[in-house]
Amino acid sequence: MSTQKSSFNHNQDVVHKPSKTFSSKARISSMAAYKKLYKQSIEQPEKFWAREAEELVWQKPWSKVLDWKAPNAKWFEGGKINVCENCVDRHAVGPRKNKAAIIWEGEPGDKRVITYGQLQKDVCRFANVLQKNGVKAKDRVLIYMPMVPEAAVAMLACARIGAVHNVVFGGFAAEAIVDRLQDSGASIIITADGGWRRGKVVALKPVVDEALARYDQVSRVIVLKRCGNEIAMDAARDAWWHDEVATVPSKHVAKGFDSEHPLFVLYTSGSTGKPKGILHTSGGYLTGTYSTCKYIFDMRDDDVYWCTADVGWITGHSYIVYGPLANGATQVMYEGAPNAPDFGRFWKMVEEYGVTIFYTAPTAIRAFIKAGDQFPNAYDLSSLRLLGSVGEPINPEAWNWYHQKIGGGRCPIVDTWWQTETGAILISPLPGATPCKPGTATLPFFGVDAVILDDAGKKCKAGQDGRLVIRKPWPSMIRSIYGDKERYKSTYWSDYPGFYTAGDGARRDKDGNFWIIGRLDDVLNVSGHRLGTAEIESALVSHPAVAEAAVIGRPDEMKGQAVAAFVTLKAGFEESEALCAELRNHVGKVIGAIAKPDDLYFAPGLPKTRSGKIMRRLLKELVCTGKVTGNVTTLEDPSIIENLQRKIAPHPAP
Ligand code: WTA
């Protein structure tokens with residue numbers, strides 16, 4: 001790793017301390033308290049995690065907190081737990097029985113409130129349905145649903161009977177379903193006729209039918225009627241959700257499973273074309289998601305929490321289903337798009353339900369900035385007390401807008417760093433304690449031994465770029481790539497034997513804060529200087545004309561790599577040669593001449609996955625070859641690529 005100094009943290013001296021009002025009520029209310037508990041948790045991680053796990057209901061206590069033979073961890077060995085019992089039953093039998101668990105809103109405006117008491121009945125019924133259909137512990141169940149409460153019910157019912165769910169994001173095509181069925185060997189699918197998105201029905205069952213025309217090992221498809229769109233039902237294979245639940249009792253005994261019993265497999269992209277099935281297990285995963293929700297969102301019984309992710313992603317698993325429900329929280333769940341019918345939808349819902357904790361992604365925030373302040377300005381957002389961000393580094397401009405416009409300058413922002421593989425948040429501010437600087441995820445959570453190492457395995461100095469590494473196991477960590485222990489070991493544990501490498505580049509500042517530069521494959525090397533694509537993007541977005549930017553490296557004879565930037569302008573700004581030059585110079589001013597984009601393209605939209613991640617890989621292919629040959633079915637809007645293709649002359653490798 002070279003030690004290129006960079007000014008990504010160009011406003012790193014702006015520090016936002018939590019207010020006294022916030023801190024005085026928080027679980028961890030000062031840096032001194034954080035440091036003390038962090039030190040203990042690193043010296044004796046097993047003691048810390050055991051104390052957290054003790055707040056869950058165990059049907060049989062564990063005999064050993066951790067059995068660690070790198071890279072294989074067994075947490076809470078000997079213990080028996082039912083994850084669903086912890087998320088549902090323990091609340092349904094106590095004072096939270098009539099408390100709202102899920103306040104759901106469909107995109108057309110239909111509403112439902114599901115109490116913990118009701119959720120227990122729904123989950124028990126569906127657990128009985130699964131068992132009636134022959135699903136046993138460890139069987140894989142593929143879930144392909146819109147954002148409706150039944151998606152959570154299906155996941156929890158699987159957990160209840162020890163079946164392993166594999167949720168496939170509702171925006172994926174048939175090919176993704178076939179790949180996952182083949183890899184996981186699922187024999188049953190839970191789906192819906194369709195879901196609402198931007199005023200239209202997105203059909204789901206027909207996609208399942210298309211997948212099953214190519215894969216014949218599925219014996220049962222259970223279909224929720226959500227939109228009433230016309231679909232085909234195969235009488236021998238398909239059954240309606242409402243018919244199935246009508247014939248079973250609403251009581252079901254939640255049996256305990258081994259702590260290391262598999263809970264779910266969730267597929268995520270790796271460096272190869274084949275998605276990896278990330279395997280998570282029961283006791284440790286629940287401990288991690290429970291504990292991070294409790295401390296990082298500082299969840300209370302009177303909070304109204306809203307995470308805008310989809311259950312098809314890890315954020316939906318950990319911070320819609322398992323973490324918040326294990327905490328007995330009340331949460332808002334929303335089916336549709338943030339701009340349906342306009343960009344005021346989220347803020348209207350925040351006002352209506354009195355949302356207190358709001359967790360979203362930087363890409364959404366930038367879309368809101370582009371749409372204009374009139375939308376948040378039209379609603380009363382004073383119920384909010386805490387904001388969160390996840391998924392990519394949040395550029396300081398988005399941070400500041402989020403802080404001012406949405407949080408009214410009073411809400412701390414927790415910038416949470418984690419991954420599908422980590423299961424739970426590993427680096428984040430604690431809202432009542434950590435001074436925040438826009439753009440850094442700040443400090444490691446309790447028990448998380450995060451460091452930055454150079455290529456030789458030496459700890460990097462402050463300001464020096466390196467690889468983000470976790471040196472100790474943590475309860476919610478990935479246990480394997482499904483069916484491929486070798487790939488698990490070689491992907492995550494072989495850069496520095498015995499340590500987990502996250503695949504992210506990062507650096508720490510003089511105060512110890514972690515600045516995530518981005519995926520290591522997004523790090524450019526321009527004339528021997530290391531530059532994060534995120535740094536250049538952040539610089540571009542700090543210009544008043546820019547709504548969003550994506551930066552990639554392309555081969556260059558002189559510099560090794562040259563910088564190509566794609567820029568989406570805010571409404572009211574015109575594309576021009578002059579603006580192009582101004583933006584290049586602006587990057588030069590913010591970071592240094594080395595980072596000035598060699599090519600700068602104006603793009604009315606950027607190619608994104610449906611979870612909102614910019615697909616820089618496609619932009620790179622486009623810039624290098626002039627076209628995109630790969631699969632674009634996961635794109636939110638494939639026409640964006642066609643439009644860009646017309647603008648770009650290829651830059652082949654020298
Ligand atoms: C990136 C999403 C900077 C990072 C939970 C990571 C972030 C990848 C942040 C995992 C953050 C996530 N700051 N980067 N707060 N959160 N990332 O598996 O590159 O979809 O490796 O999990 O997202 O993405 P995944």
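The shown structure was predicted, so the numbers you read here are calculated from the model rather than taken from an experiment. Whatever order the structure lists ligands and atoms in, that order sets their numbers, starting from 1.
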Any idea which protein heavy atom is nearest [atom], and the distance to it?
{"atom": "atom 6 (C) of ligand 1", "result": "D504 OD2, 3.3 Å"}
{"atom": "atom 10 (C) of ligand 1", "result": "W418 O, 3.6 Å"}
{"atom": "atom 20 (O) of ligand 1", "result": "K613 NZ, 3.2 Å"}
{"atom": "atom 18 (O) of ligand 1", "result": "T420 OG1, 2.6 Å"}
{"atom": "atom 3 (C) of ligand 1", "result": "P393 N, 3.1 Å"}
{"atom": "atom 1 (C) of ligand 1", "result": "G391 O, 3.2 Å"}

For this session: Identify the two heavy atoms, one from M145 and one from L204, that lie closest to each other, and give their separation to 0.1 Å.
Result: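 Closest approach of M145 to L204, heavy atoms only: C-CD1, 3.8 Å.
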Exercise. Is the shortest N/O to N/O distance between I314 and ligand 1 below 3.5 Å?
Worked result: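 The answer is no, given that I314 and ligand 1 share no N or O pair closer than 3.5 Å.
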For this session: Please say whether T416 places an N or O atom under 3.5 Å from an N or O atom belonging to ligand 1.
Result: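 N/O-N/O distance under 3.5 Å: yes.
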Exercise. Does a side chain donor of either Y267 or D179 reach within less than 3.5 Å of an acceptor in the other side chain?
Worked result: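 D179 and Y267 do not have a side-chain donor-acceptor pair below 3.5 Å.
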For this session: Report the residue from Y500, F48, W75, F446 that forms a ring pair (Phe, Tyr, Trp, His ring centres under 6.0 Å) with W474.
Result: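 Only one of Y500, F48, W75, F446 forms a ring pair (Phe, Tyr, Trp, His ring centres under 6.0 Å) with W474, namely Y500.
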Exercise. Is the gap between the ring centers of W347 and F358 under 6.0 Å?
Worked result: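 Yes, close enough.
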Problem set entry | Passing option when Y482 is tested against K276, R487, R140 for side chain to side chain donor-acceptor pair (under 3.5 Å) |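 For Y482, the side chain to side chain donor-acceptor pair (under 3.5 Å) test succeeds with only one of K276, R487, R140, which is R140.
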Exercise. Which value, rounded to the nearest 0.5 Å, describes the distance between T442 atom OG1 and W515 atom CH2?
Worked result: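 One gets 10.5 Å once the value is rounded to the nearest 0.5 Å.
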Exercise. If you measure from the Lys or Arg side-chain nitrogens to the Asp or Glu carboxylate oxygens, is any gap between E621 and R616 under 4.0 Å?
Worked result: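 No, this pair does not count.
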Exercise. With V451, which residues qualify under side-chain contact (heavy atoms from CB on, under 4.5 Å), at least two apart?
Worked result: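 Result, side-chain contact (heavy atoms from CB on, under 4.5 Å) vs V451: D449, L453, K459, V469, R471.
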Would you mind listing which atoms of ligand 1 come within a distance below 4.0 Å of any non-hydrogen atom of [X]?
{"X": "I516", "answer": "3 (C), 14 (N)"}
{"X": "V390", "answer": "5 (C)"}
{"X": "D415", "answer": "11 (C), 13 (N), 15 (N)"}

Exercise. Is E392 touching ligand 1 with its side chain, its backbone, both, or neither, if touching means heavy atoms under 4.0 Å apart?
Worked result: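 It is the backbone that gets close, since no side chain atom is under 4.0 Å.
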